[in-house]
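What follows is a single structure, written as C-alpha cells, with notes after it.
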Amino acid sequence: MSGSAFSSFGPSASGELVLVLDFGSQTAQLIARRVRDQNVFCQIVRHDLDAARIRELNPRGLIFSGGPASVYADGAPKIDPQILEMGIPVLGICYGMQITCHTLGSRILPAESREFGRAPCTHTAQDSAALLFAGLPETFTAWMSHGDQVETLTGDFHSIASTATCPNAAVQHRSLPVYGLQFHPEVTHTEFGGQLLGNFVRNICGCSGSWEISSLIEYQKQHIRERVGNRRVVCGLSGGVDSAVVAALISESIGEQLSCIFVDNGLLRKGEREEVEEQFTNHFQTDLRVVDASSQFLGELAGITDPQEKRRIIGRVFIDVFRKEAESIPDAVFLAQGTLYPDVIESGANPDGPAATIKFHHNVGGLPEQLGFELIEPLRDLFKDEVRRMGEQLGLPEKMVWRHPFPGPGLAVRCPGEVAEDRLKILREADAILIEELHRHNLYRQIQQAFVVLLPVQTVGVMGDDRTYEYVAAIRAIETEDFMTADWFHFPPEILGSISNRIINSVRGINRVVYDVSSKPPATIEWE
C-alpha cells in the first residue's frame with residue numbers, strides 16, 4: 001500500500017507551516033493543536049532533522065517541544081546547531097528551551113527547587129520580546145513541569161520572565177530570533193497559553209493565519225480527482241465520524257466512482273445501520289453495500305470471554321467479510337480510510353515524524369496489505385476536532401459529526417463476559433436511553449464519550465411484588481481534551497437519577513444501575 005507523503009495538503013493549501021520538533025513530550029500534539037487554533041498549519045517532526053531538511057520544508061517557525069531527558073544525559077536528544085543560525089524563529093519549550101540554550105553555550109543544572117504545577121510568572125519583556133507577551137498581563141499563572149532549568153545565561157541571552165524559583169522562566173536571544181519558555185503554554189493550566197503561542201506564530205513568525213478547513217476541502221477534492229482518474233475507490237464505513245467524513249469528501253470529489261462497504265457485525269448501536277443507509281444512500285447517493293454478517297461474527301464469538309481474543313476474532317472476521325465484498329467491485333483500485341494525524345504520529349508512518357525514536361509503533365489503517373489496494377487517507381493531516389469541522393462543512397448531520405467515539409469491536413467490549421444476542425439487545429436499549437437523556441438535558445456536547453456497560457453480574461431486585469434477578473448496568477461518561485487523560489463527568493444528581501430510573505423502568509433485564517467515577521489514569525475509558 002502507498003500512503004500520502006509528508007504535508008499532503010496542509011502547507012500546499014495555506015503556504016504557511018510551523019514545525020514542532022518533538023523531543024519526546026507527552027504534550028507535543030497539544031502544541032500542534034494550539035498552533036492550528038490560530039489558523040496556522042502545524043506538523044510534528046523528528047527532533048533530529050538537519051538544517052538541510054528543514055530548509056526544504058520551508059517553515060515560518062520552529063517550536064522545540066519538552067521532553068523527559070536531561071541535556072547532559074547519555075543519549076539525550078540533540079539538535080543540529082545550524083538550525084539556530086538559519087534566521088527561522090525558534091521557540092523552545094521546557095527541554096526545548098534547555099537544549100536550545102545549552103547548544104548556544106548556556107549552563108543547565110538541576111533546579112534547587114523543582115517546579116511541578118501552577119506557578120505565578122511575571123514577564124519583563126520589552127522591545128521585540130514584548131511581541132511574545134502582547135496582550136498578556138504582567139503576571140499570569142504558568143504550568144511548570146521540570147527538574148532542570150537554565151542556570152547561567154551567556155551574554156547572548158537575557159531573561160524576559162521569572163517565577164519565585166526560576167529566574168529564567170522565559171528568555172530571548174539578543175541577536176537571533178530565538179526564544180525559550182521553561183513553562184508549558186500548550187496546556188490549559190497555563191493562563192493565556194494559546195494567546196502566547198498565537199503571538200509567536202503571528203507576531204514573530206509573521207504568519208497571516210489563512211489556513212482554513214474550507215480551503216483544504218477544495219484542495220483535497222482536486223487532489224483526489226487527479227489521483228483517481230476514472231478508476232474506483234472503496235471506502236469502509238463504520239458509522240463513526242472519520243469514515244463518514246472520508247466518504248462524504250470522496251463522494252463530492254468523484255461521485256459514482258465511490259463504493260462504500262458497511263459491515264453489520266451485530267455489535268452496532270441501536271439504529272446505527274439505518275442511519276448510515278439513510279445518509280449515504282439518500283443524501284450522498286453513494287453506491288452503498290451493506291453486508292449483514294452479524295450471524296458470522298456472533299457465531300465466532302460464542303463462548304469467548306477474553307477481551308483480547310474478542311478483538312482478534314472481530315478483526316479477523318471483518319477483514320474476511322470486507323475482502324470478499326471488495327473483490328466483487330469492478331475496477332476498484334483505491335481503498336479510502338479515515339486515518340487521522342495522531343495515528344500517523346504514533347505509527348511512524350511519516351518519515352519525518354518523531355515515532356521512530358520516541359513513540360511506539362501502531363498499525364495505521366488496520367486492513368492488511370494483501371487486500372491489494374492503493375491507500376487514500378485524506379484526513380491524515382487532521383486532528384479530530386478539525387475532522388468534525390470538515391464534516392459540518394460537507395453537510396453531514398450534526399448527530400453524525402458529533403457522535404461520541406465508538407470502539408472498533410463495537411458493543412463486544414462493552415459487554416464483559418460472553419457476547420450473546422440477548423445481552424446485546426439489553427445493552428443497546430440501555431445505551432440508547434442514556435444518549436437520548438444526554439441530548440434531552442443538553443449534555444451530549446459537554447461530554448466527550450458516554451456509554452453503558454452491561455456487567456456479567458446479576459443482582460436481586462424488587463419490582464412491584466415480584467423478586468427479580470437481573471443484570472447490572474454501569475454508566476461511563478468522561479470529560480477530556482485529548483483522550484490521553486480523562487475525568488469522570490460530574491452529573492447533577494437529579495439527572496443521573498432520572499437516567500437510572502428510565503433504564504430500570506424501560507429495559508427488561510436490568511434492575512440496577514451504577515456510575516463509574518474513575519479517571520484515566522489509572523482506569524481506561526473503555527472497560528475492556
Roughly how far, to the nearest 0.5 Å, is the [atom2] atom of [Y] from the [atom1] atom of [X]?
X	Y	atom1	atom2	value
Leu237	Glu272	CG	CD	10.5 Å
Phe192	Cys121	CZ	SG	12.0 Å
Leu424	Leu301	CG	CG	9.0 Å
Asp22	Ile31	CG	CD1	8.0 Å

Over all atoms of both residues, closest heavy-atom pair of [X] and [Y]:
X	Y	value
Ile314	Phe297	O-CE2, 3.5 Å
Leu438	Ile447	CD2-CD1, 3.9 Å
Asn442	Gln446	O-NE2, 3.4 Å
Leu455	Tyr471	O-CD2, 3.3 Å
Phe262	Leu288	CB-CD1, 4.1 Å
Gly338	Val246	CA-CG2, 3.6 Å

Any residue meeting side-chain hydrogen bond (donor to acceptor under 3.5 Å, both in side chains) with [X], in chain and number order, not counting sequence neighbours:
X	answer
Asp516	Arg476, Ser518, Trp527
Lys425	none
Ser251	none
Ser294	Asp292

Any heavy-atom pair between the side chains of [Y] and [X] that's under 4.5 Å?
X	Y	answer
Leu181	Leu196	yes
Ser65	Leu21	no
Trp211	Val40	no
Thr468	Val460	no
Phe489	Ile478	no
Gln38	Leu197	no
Met400	Val241	no
Ser506	Glu429	no

Residue pairs involving residues 443-464 (criterion salt bridge (charged side-chain N to carboxylate O under 4.0 Å, His left out); sequence neighbours excluded):
Glu398-Arg445
Please lay out, stage by stage, how Ile525 and Phe451 fare under the test side-chain contact (heavy atoms from CB on, under 4.5 Å).
CA-CA 10 Å; Ile525 295 174; Phe451 54 89; 4.2 Å; yes
Between [Y] and [X], is the closest basic N to carboxylate O distance under 4.0 Å?
X	Y	value
Glu186	Arg34	no
Asp385	Arg36	no
Arg269	Glu275	no
Arg502	Glu436	yes

Please report, to 0.1 Å, the donor-acceptor pairs under 3.5 Å made by any side chain of residues 409-419, with sequence neighbours excluded.
unit_1	atom_1	unit_2	atom_2	d
Arg414	NE	Glu526	OE1	3.1
Arg414	NE	Glu526	OE2	3.4
Arg414	NH2	Glu526	OE2	2.7
Glu418	OE2	Gly303	N	2.8

Residues pairing under ring-ring contact (aromatic ring centres under 6.0 Å, His included) where one sits in residues 384-424, two or more places apart or in two chains, turn out to be His404-Tyr444
Set of residues satisfying ring-ring contact (aromatic ring centres under 6.0 Å, His included) with respect to Tyr95, sequence neighbours excluded
Phe23
Phe140: ring-ring contact (aromatic ring centres under 6.0 Å, His included) partners, not counting sequence neighbours:
Phe183
side-chain contact (heavy atoms from CB on, under 4.5 Å) for Leu382 and Arg389? Distances and angles first, verdict last.
CA-CA 10 Å; Leu382 298 182; Arg389 295 206 304 271; over 6 Å; no
Can you tell me which residue among Arg388, Glu392, Gln393 is in a side chain to side chain contact (heavy atoms under 4.5 Å, CB included) with Ile213?
Gln393
Could you tell me which residues satisfy salt bridge (charged side-chain N to carboxylate O under 4.0 Å, His left out) with Glu421, sequence neighbours excluded, listed by chain and number?
none
With sequence neighbours left out, write down each residue that passes salt bridge (charged side-chain N to carboxylate O under 4.0 Å, His left out) with Glu218, or none if nothing qualifies.
Lys221
Apply side-chain contact (heavy atoms from CB on, under 4.5 Å) to Leu335 and Ile376, showing your working.
CA-CA 6 Å; Leu335 174 67; Ile376 291 180; over 6 Å; no
Go through the steps for Glu528 and Arg311 under the test salt bridge (charged side-chain N to carboxylate O under 4.0 Å, His left out), then give the verdict.
CA-CA 10 Å; Glu528 287 195 335; Arg311 291 177 181 271; over 6 Å; no
Tell me if the CD atom of Glu277 is crowded by more than 12 foreign heavy atoms within 6.0 Å.
yes
Considering only distance and modelled atom types, tabulate donor-acceptor pairs under 3.5 Å from the side chains of residues 493-500, sequence neighbours left out.
none

Strictly by modelled atom types, are Arg512 and Thr459 linked by a side-chain donor-acceptor pair under 3.5 Å?
yes
For Asn168 and Gln182, test the side chains for any donor-to-acceptor distance below 3.5 angstrom and give the result as yes or no.
no
Check: [Y] main-chain N/O paired with [X] side-chain donor or acceptor under 3.5 Å:
X	Y	value
Asp431	Leu427	no
Gln220	Pro378	yes
Thr163	Pro120	no

Any chance you could lay out the side-chain contact (heavy atoms from CB on, under 4.5 Å) test for Ile435 and His439, step after step, and finish with the verdict?
CA-CA 6 Å; Ile435 300 305; His439 282 294; 3.7 Å; yes
Run the numbers on Asp242 and Lys384 for salt bridge (charged side-chain N to carboxylate O under 4.0 Å, His left out), then give the verdict.
CA-CA 8 Å; Asp242 303 335; Lys384 191 78 165 187; 3.0 Å; yes
What do the steps show when you test Arg33 against Glu386 for salt bridge (charged side-chain N to carboxylate O under 4.0 Å, His left out), and what is the final call?
CA-CA 9 Å; Arg33 291 184 64 177; Glu386 295 164 340; over 6 Å; no
